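Lettering of chains follows the sequences in order, A, B, ..., and the numbering in each one begins at 1. Keep in mind that this is a model prediction, so the values were computed, not measured.
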There are 2 protein chains.
Amino acid sequence: MEKKITIYDLAKELNVSPGTISRSLNNHPSISQKTKDRVVFKANEMGYKVNKFAVNLRTQKSNAIGVIVPKLNSNFMSTLLAGVEKVVNEAGYNLIISQSLESVEKEIMNAKTLYNSGVDALLVSLAFNSESSEHFMPYIKSKIPLIFMDRVFNLPNCPTIVIDNFQAGYDATNHLIQQGCKNILIVTGNLKRNVYSNRLLGYKGALEDNNIVFNEVNIIETSMEPQSAKDVVDYIKSMNVPIDGLFVLSDSFAAHCMQKLKTEGFSIPNDIKVIGFNNDPISELVSPTLSTIEYPGYSMGLLAGESIINQIKGNINLQETNSISLRHKLIVRESSKK
Amino acid sequence: MEKKITIYDLAKELNVSPGTISRSLNNHPSISQKTKDRVVFKANEMGYKVNKFAVNLRTQKSNAIGVIVPKLNSNFMSTLLAGVEKVVNEAGYNLIISQSLESVEKEIMNAKTLYNSGVDALLVSLAFNSESSEHFMPYIKSKIPLIFMDRVFNLPNCPTIVIDNFQAGYDATNHLIQQGCKNILIVTGNLKRNVYSNRLLGYKGALEDNNIVFNEVNIIETSMEPQSAKDVVDYIKSMNVPIDGLFVLSDSFAAHCMQKLKTEGFSIPNDIKVIGFNNDPISELVSPTLSTIEYPGYSMGLLAGESIINQIKGNINLQETNSISLRHKLIVRESSKK
DNA sequence: TTGTATGCGTTATCAC
DNA sequence: GTGATAACGCATACAA
């Protein structure tokens, strides 16, 4: 551990060439088993460690995968990353994680930094207000695998890993309708993001299939920050036709809205039935417990990880370069009880 | 972006030596401003990018900081990491984040992997059941800065960044006593971890100062997993002297306990007053809202980041190599109202 | 099956 | 102020 020992030291010690050492350590087929054994044994004995820096320079690979997510501190994101980490670690890769904190500027900076530090692939979930894909062009030009998950761009040759947000939005809305709701308000984040716009389409679809006329005023687009809950409730109170159903595209924001509604005297689910999205742990802890859409975060992570590894290794399965869509699940709890 | 351009290309183009290019780009004092300007201009024009791999090999530094945390998906941890990231990014470092998922085995693996990939420093918050510090020895022997935060070991020359868990435990307990509690149960995680054992000492201290006799049966050590809430409530119901105060060393577990208590017919805060720990967002959303101890996660992250950078740069401020302790704050909400 | 030699792109130590 | 030149530690094409 004290002094760095190199393949040259091993070579000298064993009276073979550095090349042989290198090949033995990498289990190269042209080396005899006997030599390999000797080398590996000696390497352990002397406490040899490869110098990753040299390997990286020589191979122009870093064995590192860059990740840009909006926020680490969301249950969904971290669950997803746990899945990614498991897969890529098993394949010998490290994860360099950075947060955009929902800012395009930081997303651009992170993309540049990670590019410069030579990541072998980049995994991205977009910031709230990211509109241009300009900052990902260096990756595409350099043919560095680029994978989007959840909040995605559709770029050529860039796999996306998503759930069927349309169907999920449909299912949630349909559930509220089945429970008797006639006038459902949908509370969404930035509609430029695929996740929200598709859920909205699902919402509209469910209304239509149930012969309910869609009304533009039943959409409210917010930052989903806790303090915006007040705006939502104010909006609900201001409406002519009373709202009897609330579809909030995030559990934690739904929890804030419910709290505010309760303090304003609304009874849930009697006056208003509520459904959220994500199956965040919070949804089981609020009262009434929150109905929601479960989102297979961990599985998405595993798939994202596998997709990345395949891309890096050049196993370009054409079916995989397209969009992978995972199953979601409606979870009914107290907040939408009849 | 198409073909990699190197300092040799720039040198040829400008009729100077590669050395001059390198020095110019690094703003070396011995180069004339005029030359520097020419070089920098040309570099931009030709789209030159340093090759980090070469720099790393040459300097034997990676500009990367390894991080091992138990779980990413805890509000406290991710907030903390956000702080770390901000500071180290501004200093030009990347964060390689890995999760131990509360398993010593994975912690050991991660430590090894990060060591091999040549991180310039390592930041650790220990797994639940980590007892030996053997796996950090390579860092110490190689004099790679090693910093612990929150769940820490006390190793020579390894700064620790913590809050005063004793005082926090004292304050929480004292608050419950002030609210009239006479028989307080403390619900803790693994007592091998400094964070929990020190809070327990604070609990005992507060009892003593209020002339309440400490009773061993008033400690319950659990995994803090949601499903253990049942055990806690069963334990409460089984006790001879009724519990009137509950000090749970994690907000999310406190929320689970409260929920279970309520379904078992306990009224909070009337029958039992509850206080948690962390000021997790969840604490404002449960009902009754949860009193807690606020924990300056973001500030801890900033400090941890600064401490790391200082260590790497060799600014070894001796005062800094010791433990840094941050201020916590008691937040009183409904769950401990008189 | 093994050895030799070169290059990966920098930085740093000498010179001049 | 600038130019040679030698590492950094490894992988690999080419020889043997």
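Side-chain N/O atoms of B:R23 and base N/O atoms of D:dG3 include a donor-acceptor pair closer than 3.5 Å.
Distance check, rounded to the nearest 0.5 Å: CZ of B:F53 to NZ of A:K61 gives 8.0 Å.
DNA chain C is contacted by no residue of residues 10-17 of chain B, taking any non-hydrogen atom closer than 4.0 Å. Less than 4.0 Å separates DNA chain C from at least one heavy atom of each of the following residues of residues 29-39 of chain A: A:S30, A:I31, A:S32, A:T35.
Nucleic acid contact class of A:S22 (heavy atoms, under 4.0 Å, all strands): base. Looking at heavy-atom distances under 4.0 Å, A:F53 makes no contact with the nucleic acid at all.
At a threshold of 4.0 Å, the pair A:E131-A:K192 counts as salt-bridged, since one of the basic side-chain nitrogens sits closer than that to a carboxylate oxygen. Salt-bridge formation is not detected for the pair A:R38/A:E45: no Lys NZ or Arg NE/NH1/NH2 atom is positioned less than 4.0 Å from an Asp or Glu carboxylate oxygen.
Remark: A:N26 is in phosphate contact with D:dA11, judged by side-chain N or O atoms under 4.0 Å from OP1 or OP2. For D:dC10, the OP1/OP2 oxygens have a side-chain nitrogen or oxygen of A:Y48 closer than 4.0 Å.
Of the N and O atoms on the side chains of A:K36 and A:N27, at least one donor lies less than 3.5 Å from an acceptor on the other residue.
The residue among B:L25 and A:Q60 whose nearest nucleotide of DNA chain C lies closer to the 5′ end is A:Q60. Judged by closest nucleotide on DNA chain C, A:H28 is the one of A:H28 and A:A54 placed further toward the 5' end.
Using bins of under 30°, 30° to 60° and over 60° for the plane-to-plane angle, the ring pair A:F153/A:F136 lands in the perpendicular bin.
Scored by the side-chain hydrogen bond (donor to acceptor under 3.5 Å, both in side chains) test, A:S299 finds no partners at all (sequence neighbours excluded).
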